[in-house]
Peer 1: 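Structure incoming, see below.
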Amino acid sequence: MGALLKFLVLGLVVVWLLYSPAVRGLLKPGARRGKPQRPPATPSPPAATPPGRIVPCAHCGVHLPLSDALHDVSGHTYCSEAHRQAGPRP
């Protein structure tokens, strides 16, 4: 009975040491090297860029940025090559 009590007390001491704040501070990564822990950096949101001038497609009327639009020789803007080939709708 005495040996069982010794192992029980030893087990409780080991568990207490593992969960004590002093021992947990030593077991943290970076704590042994003396480097302070920094919180992880939060990614910054992407910078919003203005879309530029918005123009309608001469064939279907969908609005899109001028930089994405296709043009024909008469200056009409289109959303796709198929609509540029089809031409403007009346």
Peer 1: Residues two or more places apart in sequence or in another chain: which of them pass side-chain contact (heavy atoms from CB on, under 4.5 Å) with T42?
Peer 2: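 By the side-chain contact (heavy atoms from CB on, under 4.5 Å) rule, T42 matches no residue at all.
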Peer 1: Show the nearest heavy-atom pair for residues E81 and L70, with the distance to one decimal.
Peer 2: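 The answer is N-CD1, 3.3 Å.
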Peer 1: Between C57 and C79, what is the shortest heavy-atom contact and its length?
Peer 2: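 Taking C57 first and C79 second, the nearest heavy atoms are SG-N, 3.4 Å.
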Peer 1: What distance separates L64 CG from I54 CD1, expressed to the nearest 0.5 Å?
Peer 2: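 Separation between the atoms: 7.5 Å.
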Peer 1: Which residues satisfy the side-chain contact (heavy atoms from CB on, under 4.5 Å) test with P56, sequence neighbours excluded?
Peer 2: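 With neighbours one apart ignored, the set is H63.
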Peer 1: My understanding is that only residues two or more places apart in sequence, or in another chain, count here; which of them pass side-chain contact (heavy atoms from CB on, under 4.5 Å) with D72?
Peer 2: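 For D72 the side-chain contact (heavy atoms from CB on, under 4.5 Å) partners, ignoring immediate neighbours, are S74, H76, Y78, R84.
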